[in-house]
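For clarity, every value in this text was computed on a predicted model and none was experimentally measured. Start at 1 and go down the list; that is how both ligands and their atoms are numbered.
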Amino acid sequence: MRQKIVAGNWKMNNDKQETKTLIEDVKTEIENLSLENTRVIVAPSFVNLESAVNLAEGSSIEVVAQNMHQAKSGAYTGEISADMLKSIGIKSVILGHSERRTYFGETDELLAEKVNAVLENDLETIFCFGELLEDRKSDNHFNVVESQLKNALFHLEAKDWSSIVLAYEPVWAIGTGETASPEQAQEMHAFIRSIVEKQYNKEVADNVSILYGGSVKPANAEEIFSKPDVDGGLIGGAALKASDFSAIIKAI
Ligand code: PEP
């Protein structure tokens, strides 16, 4: 059975003290919830990852990284390797976020290399993808999403998919306050599941968790999460406030 996941992407927010406060507040908010088959994830900045791992220990919160370099080690100033992440207890990495694609030029081809590095290191990835507003307006969104998945993920073997979580994030809905309607999310998630089934098989498609990301808030989470192919959310802005993030967790 596929898992439900609520993941908070903190992006470049929260210093050391703010990280501590937010983890502790989320811990308190969710300590009495029964989170059967549901994962709660936060992705703080690299500099606060280790302290976040320590703070989350013994709770239901998993701490993941926001990015990772594809090389094992070497002359890559400013970058972080899989070994470094593993050495502080990280087991999962967000890849392909639209901000990485837009501001740091990450392409599908580079992301395929990063995905390979994740798998070689027995890590998991929360793999983000999604169309631009112009793609949706020109009715090209299904093609764009299909080619993103094809280029970055469809070289994998079926067995690798137990380490893949998909996060469909229409770029026009990230940080804009504009959310895909629950129907638009369901339509795209069902399409994604159908192309995974076509490429692999029904078991892989049924077991992969597909998260929706893009201006999910306490007010809209329940309706979006009620859709059968939406297995949770990748949350940006609303993950920075413990009460909002925990309200979204409760919605699932
Ligand atoms: C994100 O950055 O992944 C995201 C979904 O952001 P927001 O929730 O703020 O739109």
Side-chain angles (χ1 to χ4, degrees), residues 4-14 18-19 22 26 29 39-46 48-49 52 61-68 92-106 108 111 114-115 118 124-133 135-136 141 144-145 148-149 152 164-182 184-186 188-189 192 209-225 227 229-252:
K4 303 229 175 251
I5 301 174
V6 177
N9 174 15
W10 292 5
K11 312 189 186 188
M12 198 173 71
N13 293 296
N14 292 333
E18 289 161 342
T19 297
L22 185 50
V26 172
E29 293 264 7
R39 294 168 64 189
V40 173
I41 291 174
V42 297
S45 69
F46 281 129
N48 294 309
L49 266 188
I61 302 173
E62 292 172 49
V63 177
V64 311
Q66 296 179 18
N67 184 27
M68 189 190 95
S92 183
V93 181
I94 296 173
L95 290 178
H97 192 279
S98 75
E99 288 147 19
R100 300 286 325 162
R101 294 174 188 258
T102 305
Y103 305 137
F104 303 98
E106 295 198 1
D108 290 343
L111 291 167
K114 291 192 176 207
V115 168
V118 153
E124 170 195 80
T125 183
I126 301 171
F127 186 83
C128 308
F129 55 96
E131 81 282 359
L132 303 173
L133 184 58
D135 301 322
R136 186 157 280 262
H141 43 301
V144 168
V145 161
Q148 288 172 326
L149 293 178
I164 306 288
V165 171
L166 298 177
Y168 167 61
E169 299 205 302
V171 179
W172 48 272
I174 298 178
T176 59
E178 190 165 338
T179 323
S181 69
Q184 285 173 318
Q186 169 57 27
M188 182 57 89
H189 284 223
I192 293 163
S209 298
I210 310 178
L211 315 186
Y212 168 78
S215 300
V216 176
K217 305 269 179 287
N220 58 24
E222 197 170 335
E223 211 187 340
I224 294 171
F225 294 164
K227 295 296 175 192
D229 286 295
V230 178
D231 304 312
L234 183 56
I235 320 298
L240 298 174
K241 211 169 142 202
S243 56
D244 284 355
F245 190 54
S246 58
I248 294 170
I249 296 163
K250 286 170 195 159
I252 210 158

Can you tell whether the side chains of Arg101 and Glu106 come within less than 4.0 Å, N to carboxylate O? no

For Lys217, does the NZ atom sit with more than 12 other heavy atoms under 6.0 Å from it, leaving out its own atoms? yes

Salt bridge between Glu124 and Arg39, side-chain N to carboxylate O under 4.0 Å? yes

Considering only heavy atoms, which protein residues lie less than 4.0 Å from any atom of ligand 1? Asn9, Lys11, His97, Glu169, Ala173, Ile174, Gly175, Gly213, Gly214, Ser215, Leu234, Ile235, Gly236, Gly237

For Gln186, does the CD atom sit with more than 12 other heavy atoms under 6.0 Å from it, leaving out its own atoms? yes

Name all residues meeting the side chain to side chain donor-acceptor pair (under 3.5 Å) criterion together with Asn220; count only those two or more places apart in sequence or in a different chain, and write none if there are none. Thr179

Hey, does Ser215 have a side-chain heavy atom less than 4.5 Å from the side chain of Thr176? yes

